[in-house]
Amino acid sequence: MFNEVDLTVSSYDTAWVAMVPSPNSSKDPFFPECVNWLLANQLHDGSWGPKFNPLLIKDALLSTLACILALKRWSVGEEQINKGLHFIESNLASATDEEQQSPVGFNIIFPAMIESAMNFDMYLPLGAPTLDALFHRRDFELKRGYGSNSEGWRTFLAYISEGLGSQDWELVMKYQKKNGSLFNSPSTTAAAFTQLKNADCLKYLRALLEKCGNAVPTVYPLNNYACLSMVASLESLGIDRNFREEIRSVLDETYWGRKIYFQMLPPVQWLFDSYVFMDMIFLQDIGAALELFKASEIIIHPDESVLEKQNNWMSHFLKQELSNTLTQARRLNKHIGLEVDDALKFPFYASLGRLSSRRATKSYNTESTRILKSSDSCLNIGNEDFLKLAVEDFNICQSIHHKELNHIARWVVENRLDKLKFYRQKQAYCYFSAAANLFAPELSDAHMSWAKSGVLTTVVDDFTDVGGSEEELVNLIRFIEKWDVNVSVDCCSEHVEIIFSALKNTINEIGVKAFAQQGRSVTSDIIETWLDLLKSGLKEAEWLRNKSVPTMEEYMTNGYITIGIGPIVLPALYFVGHELSEEVVGSSELHELYGLMSTCGRLLNDIQGFKRDSTEGKLNALSLTMIHGNGRY
């Protein structure tokens, strides 16, 4: 699957390779096999290029004229030339049609090729108004581009250099890649070799034809792009766990060697060089802009102003494209609008995995056509089998989740938690918060631990806030500290008995399962996590009872624990496939990460619950900020 990349032939690029003259005689083609391919592969309507697509007529016009020029260059295929000219005459109106999908550089390259045809003394049955419109548009774009004098513009011109005629080819050659090509583009490279006879360009063209045969694609090689696109598809669809070895192999070869897989690494300055801006400004590549937008959301360091700037720029660009319902890319790919809309609504760093996968399944595009100088499609991209597997996998997981949710409901009843009238029944919410990210069937122990612990933290939170007295809370803490107690004798209330029994049964259950995976007892660590939560909850209750106003530091030092993330997340870590030694669990790094995660949770909770807490007379981070800031935020 990852070893072979299937590419479509580009008549346009094949024509430019066919136009390369032999070094022995300027009257003979260097690559006659390409000329023969052109002679044998004209379509029934007289065109070359993609099979008829009402959105790709500009592509067909460009490819057809390039093929006509190649055949005329070597004085062959008069019948094919005439048929091609008839196609151009019949469809020329589409050349100025804004509704048409436009190949990259079309407004510059197509008029230039018309001029080349005229230089061949070819009769072009083109009306003066249409020609005037084409040349006017070309001149306008060139004037606008030269006025910008940007590196992106210069890169763009180099990419379409075959359509510019006379120019400084030495400047163009600064974009030559190690494989000898210019932009991995056969047409650009062929034009450069024709002008300069560069040996590395020739080496690239020969290797290309040796690989592809008598006709070439519009971009080569495409292995890295195709493989990384497949990896991205597998990840977005939520089925990457089934291809771990293949993905690791791809990343070893491409990411570590060339550092181009920016979704796996927070992007830096190199992502926003002239090539990227050429893509977004001149190629109008919404897909590329979308991926860069996602990557620019991952800001780790506070001084990454470049990422913030590019995130704002691309957000504006995508919103603009989204508002334009007639944009060419959206007509060609009806799903791109859904993808952009989702990306703008749901930040890449804050999306729930299973919901993201569900949305990706709905917007998955099995039509892999993209438009460069000519249309290009790759069977590896938009693989229909991926979509079928994703749907099947999602349904299997949903069935398992349904059974596990029923188990949670029975567990609540078996542990008599339903008898606690003060408890907010949130088992579905707690289970969903786990399954939304830890959805794989092999992580069942992890999301069941998460879900049950989530239910119990809700019980403890409600018990601390409204359901229990200070005496009961102290009694519960002492029970957990002693652990082996006779609840029927020592409990001060039925509530304490129910909560302690549920905690003990669940902690022991998690401990037994964790021992099987970790090879050591972790029960005492889990108990300590719960004690921290209960003691911090007791301190909050004391502040409320005594009407104390803690400092912001006191509140956050206690509040990052009372948010209750510790008992939920930390035990679940034992079930995600990694061995966690005592040193790792007790390390300052893990504690810092846990503290940061919990602090974010506390602040988000306090922002969202500010009105409710104010009504109930409770302090939180916002109200304390106002109090200690003399009423100012």
Side-chain angles (χ1 to χ4, degrees), residues 5 7-17 19-20 59 62-63 66 102-109 112-113 145 150-165 167-196 198-209 211-212 215-229 254 258-260 262 270-285 287-289 291-292 370-378 381:
V5 175
L7 301 173
T8 53
V9 168
S10 166
S11 300
Y12 174 82
D13 287 84
T14 302
W16 280 99
V17 175
M19 281 188 265
V20 175
D59 182 7
L62 195 67
S63 297
S102 186
V104 175
F106 177 86
N107 291 336
I108 296 173
I109 298 175
M113 290 200 302
S150 67
E151 179 60 25
W153 170 251
R154 289 189 287 274
T155 306
F156 172 68
L157 288 183
Y159 177 62
I160 63 167
S161 54
E162 71 271 20
L164 293 176
Q167 61 173 308
D168 190 338
W169 282 94
E170 293 299 332
L171 287 179
V172 173
M173 292 305 292
K174 79 174 187 176
Y175 298 102
Q176 188 172 34
K177 300 171 71 68
K178 289 182 179 180
N179 63 9
S181 76
L182 289 144
F183 307 100
N184 288 336
S185 168
S187 54
T188 310
T189 308
F193 176 71
T194 299
Q195 296 294 327
L196 302 176
N198 179 273
D200 288 331
C201 286
L202 177 58
K203 183 179 178 181
Y204 167 80
L205 293 172
R206 280 176 165 164
L208 173 62
L209 288 168
K211 174 68 176 178
C212 300
V216 301
T218 196
V219 57
Y220 178 86
L222 197 65
N223 295 56
N224 288 332
Y225 175 82
C227 289
L228 290 175
S229 294
T254 56
R258 301 178 63 184
K259 297 184 179 179
I260 62 174
F262 52 80
W270 56 267
L271 281 175
F272 305 106
D273 63 9
S274 60
Y275 293 92
V276 172
F277 284 114
M278 182 188 73
D279 273 348
M280 289 185 290
I281 296 174
F282 298 110
L283 275 64
Q284 295 291 292
D285 190 337
E291 293 308 317
L292 286 170
R370 59 178 186 155
I371 305 298
L372 298 174
K373 292 179 192 175
S374 65
S375 57
D376 169 65
S377 63
C378 176
I381 303 170

Value rounded to 0.5 Å, distance of CH2 in W169 from OG1 in T194: 8.0 Å
I want to check something: taking the side chain as every heavy atom from C-beta on, are K211 and L7 in contact at a cut-off of under 4.5 Å? no
Any sub-3.5 Å donor-acceptor pair from T14's side-chain atoms to V216's backbone N or O? yes
Closest approach of D376 and T218, non-hydrogen atoms and distance? CB-CG2, 3.5 Å
Side chains of F183 and L372: does their closest heavy-atom pair fall under 4.5 Å? no
State, to 0.1 Å, how close V17 and L209 come at their nearest heavy-atom pair, and which atoms those are. CG1-CD1, 4.2 Å
Looking only at non-hydrogen atoms, find the nearest pair between M19 and A66 and report the distance. CE-O, 3.9 Å
Out of curiosity, Y159 OH to N184 CG, how far, rounded to the nearest 0.5 Å? 9.5 Å
Which heavy atom of N179 sits nearest to which heavy atom of P221, and what is that distance? ND2-CD, 3.5 Å
If every non-hydrogen atom of P186 is compared with every non-hydrogen atom of P217, which pair is closest and at what distance? CG-O, 3.2 Å
Do you see a donor-acceptor pair shorter than 3.5 Å between the side chains of T188 and K373? yes
CD of E151 to CZ of R154, rounded to nearest 0.5 Å, is 4.5 Å
Minimum-distance pair of heavy atoms, taken over all atoms of Y220 and Y204: O-OH, 2.7 Å
At what distance, to the nearest 0.5 angstrom, does NZ of K203 lie from CG of L208? 14.0 Å
Could you go step by step and tell me if V104 and F156 meet the side chain to side chain contact (heavy atoms under 4.5 Å, CB included) rule? CA-CA 9 Å; V104 175; F156 172 68; 3.7 Å; yes
Can you tell if the side chain of Q176 reaches within under 4.5 Å of the side chain of N198, non-hydrogen atoms only? yes
Is any side-chain heavy atom of I371 closer than 4.5 Å to one of F106? no
Calculate, to the nearest 0.5 Å, the distance between atoms NZ and CG belonging to K177 and D200 respectively. 13.5 Å
Is there a donor-acceptor pair closer than 3.5 Å between any side-chain N or O of S63 and the backbone N or O of D59? yes
In Å, rounded to the nearest 0.5 Å, how long is the span from OG of S187 to CG of L62? 9.0 Å
